[in-house]
Protein chains: 2
Amino acid sequence: MALGRPREFDVDAALDLALHVFWRKGYEGTSMADLTEAMGITKPSLYAAFGNKEDLFRKALDRYVDGPGGYYQAGLQKPTAREVVEHILYGAVDAMTDPGNPGCLAVQGALCCGEAAETIKQELAARRAKGEQDLHDRLARAIAEGDLPSGTDAGDLARYVSAILQGIAVQAAGGASSDQLRKLADMALRNWPPV
Amino acid sequence: MALGRPREFDVDAALDLALHVFWRKGYEGTSMADLTEAMGITKPSLYAAFGNKEDLFRKALDRYVDGPGGYYQAGLQKPTAREVVEHILYGAVDAMTDPGNPGCLAVQGALCCGEAAETIKQELAARRAKGEQDLHDRLARAIAEGDLPSGTDAGDLARYVSAILQGIAVQAAGGASSDQLRKLADMALRNWPPV
DNA sequence: AGACTTATCTACCGCTTGGTAGAAATCTCT
DNA sequence: AGAGATTTCTACCAAGCGGTAGATAAGTCT
């Protein structure tokens with residue numbers, strides 16, 4: 001059923017390569033030339049397969065969330081609040097200290113930027129907010145189930161865990177080792193749940 | 001003693017304006033045109049007074065550390081570890097929710113970037129590391145003085161506070177309110193010192 | 001074989017980027 | 001008044017940006 005000349009490259013593999021460039025350099029710091037070089041295709045091929053730079057970034061972001069960032073949604077499935085937070089924190093440490101790709105795409109992809117990247121910045125902020133909301137809902141369930149002390153504020157707790165995660169992301173971007181960050185996660189978990 | 005034609009603009013005021021542009025847009029997201037427009041001077045005047053873009057950013061960063069970011073060094077002077085952390089956390093919340101300039105220049109100025117901004121990224125990472133080191137030294141003193149439990153690891157503690165601060169920075173960049181962030185600081189302080 | 005569809009390539013587009021040359025203007029000093 | 005120092009301005013530069021036109025190649029369909 002495939003009409004026309006067949007594509008000579010693997011779309012998913014190319015998208016992975018693009019993802020890693022965006023991850024390392026951020027949206028603004030990545031040029032189309034960076035992408036085509038890393039992906040091993042020419043610009044017209046890139047545009048035909050993925051649309052423009054913004055489209056490509058969104059597709060790479062989706063892939064990130066499902067791939068390297070998958071620890072987050074996986075963590076939310078854990079049976080207890082403690083296991084949820086544990087899985088997410090340690091998962092984040094591992095993902096964000098991946099050699100060659102330090103940090104978190106959702107944080108450093110476009111934390112702040114010029115006008116041209118404004119919509120990407122907002123998309124990332126919205127995704128972070130959505131992640132926090134998902135965690136909120138999961139913790140609210142834990143409170144309802146008696147898994148966490150009643151009277152706990154799920155919103156405050158979710159924001160606290162998010163802040164720790166984002167702190168880990170910034171530290172990782174600055175070159176912190178996985179050992180150092182694991183000790184950070186350990187400390188947060190020794191004090192879990194915070195009062 | 002002033003030879004030559006006198007400068008027609010106030011260097012410090014112009015530097016302040018440049019600082020705010022870098023703060024909002026980051027190093028890469030800021031163009032020379034953005035700067036000259038905000039500062040109300042032409043490009044040759046800018047280059048004559050501040051050097052190139054990188055020089056200007058460094059000067060703006062110095063001004064940031066002494067001005068809006070001054071809460072940090074001020075906090076380190078407080079008499080007890082608790083007051084130090086309290087001052088730094090609440091100071092960060094206030095500084096990073098400054099209307100029109102959300103977030104922290106040292107975090108979002110260049111968390112990740114293309115090759116052209118690499119040295120700025122490293123400079124910012126080094127400054128964050130230096131800040132963490134200063135806090136480490138202050139907390140180590142507190143441990144030595146019996147102000148914090150002996151056996152506490154100053155490095156772990158400093159990294160923990162840094163992570164919270166950087167979490168606040170990311171949340172602020174994403175639009176979190178000062179009320180929300182204050183509750184975050186409250187929670188961290190209720191659990192201080194973490195075991 | 002020939003029509004059709006799609007991918008690939010080279011070459012290019014207009015625009016913005018950081019940065020500067022060179023002349024004119026405005027001050028101080030003698 | 002004139003020399004010297006410095007700032008200011010307009011106009012410009014090469015290089016890089018994101019994005020595309022148009023021809024050609026490589027498949028599938030009838």
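In the text below, chain A, chain B and the rest are named by the order of the sequence lines, each starting its count at 1.
- Near DNA chain C, meaning a heavy atom under 4.0 Å away, there are no residues from residues 108-124 of chain B.
- Inspection of the Gln180(B) and Gln171(B) side chains reveals no N or O donor paired with an N or O acceptor under 3.5 Å.
- Atom P of nucleotide dT16(C) and atom CD of Glu37(B) are separated by 13 Å, given to the nearest angstrom.
- Thr30(B) is linked by a side-chain hydrogen bond (donor to acceptor under 3.5 Å, both in side chains) to nothing, counting only residues two or more places apart in sequence or in another chain.
- Listed by chain and number, the residues in a side-chain contact (heavy atoms from CB on, under 4.5 Å) with Glu28(A) are Cys113(A), Ala117(A), Glu28(B) (sequence neighbours excluded).
- Among dA5(D), dT20(D), dG19(C), the nucleotide with an atom closest to any side-chain atom of Tyr47(A) is dT20(D).
- Gln73(B) meets the side-chain hydrogen bond (donor to acceptor under 3.5 Å, both in side chains) test with Asp134(B); sequence neighbours excluded.
- For Asn52(A), a side-chain nitrogen or oxygen approaches OP1 or OP2 of dG19(D) to under 4.0 Å.
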Please write out each protein N/O paired with an N/O of nucleotides 8-11 of chain C under 3.5 Å, distance rounded to 0.1 Å.
| unit_1 | atom_1 | unit_2 | atom_2 | d |
| --- | --- | --- | --- | --- |
| dT8(C) | OP1 | Glu8(A) | N | 2.7 |
| dT8(C) | OP2 | Ser45(A) | OG | 3.2 |
| dC9(C) | OP2 | Thr42(A) | OG1 | 3.4 |

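- Of the two residues contacting DNA chain C, namely Glu54(B) and Gly4(B), the nearest-nucleotide position lying further toward the 5' end is that of Glu54(B).
- A salt bridge is absent between Glu132(B) and Arg128(B); no separation between the charged side-chain nitrogens and carboxylate oxygens falls under 4.0 Å.
- The distance from atom CZ of Phe50(B) to atom C1' of dG19(C) is 16 Å, rounded to the nearest whole Å.
- Arg138(A) is linked by a salt bridge (Lys or Arg N to Asp or Glu O under 4.0 Å) to nothing, counting only residues two or more places apart in sequence or in another chain.
- Per the geometry, CG belonging to Leu3(A) stands 6 Å off C1' belonging to dT28(D), to the nearest Å.
- For Asp147(A), the side-chain hydrogen bond (donor to acceptor under 3.5 Å, both in side chains) criterion is met by no residue, not counting sequence neighbours.
- For Pro99(A), there are no side-chain contact (heavy atoms from CB on, under 4.5 Å) partners, not counting sequence neighbours.
- Each side-chain hydrogen bond (donor to acceptor under 3.5 Å, both in side chains) pair with one or both residues in residues 87-97 of chain A, not counting sequence neighbours, appears once here: Tyr90(A)-Asp186(A), Asp94(A)-Arg182(A).
- For DNA chain D, the residues of residues 22-35 of chain A within the heavy-atom distance limit of 4.0 Å (strictly under) are Thr30(A), Ser31(A), Met32(A), sorted by number.
- Applying the side-chain hydrogen bond (donor to acceptor under 3.5 Å, both in side chains) criterion to Glu86(A), with sequence neighbours excluded, gives Arg82(A).
- Rounded to whole Å, atom P of dT6(D) lies 19 Å from atom CG of Leu46(B).
- Annotation: ring-ring contact (aromatic ring centres under 6.0 Å, His included) contacts involving residues 49-73 of chain A, sequence neighbours excluded, comprise Phe22(A)-Phe57(A), Trp23(A)-Tyr64(A), Tyr27(A)-Phe57(A).
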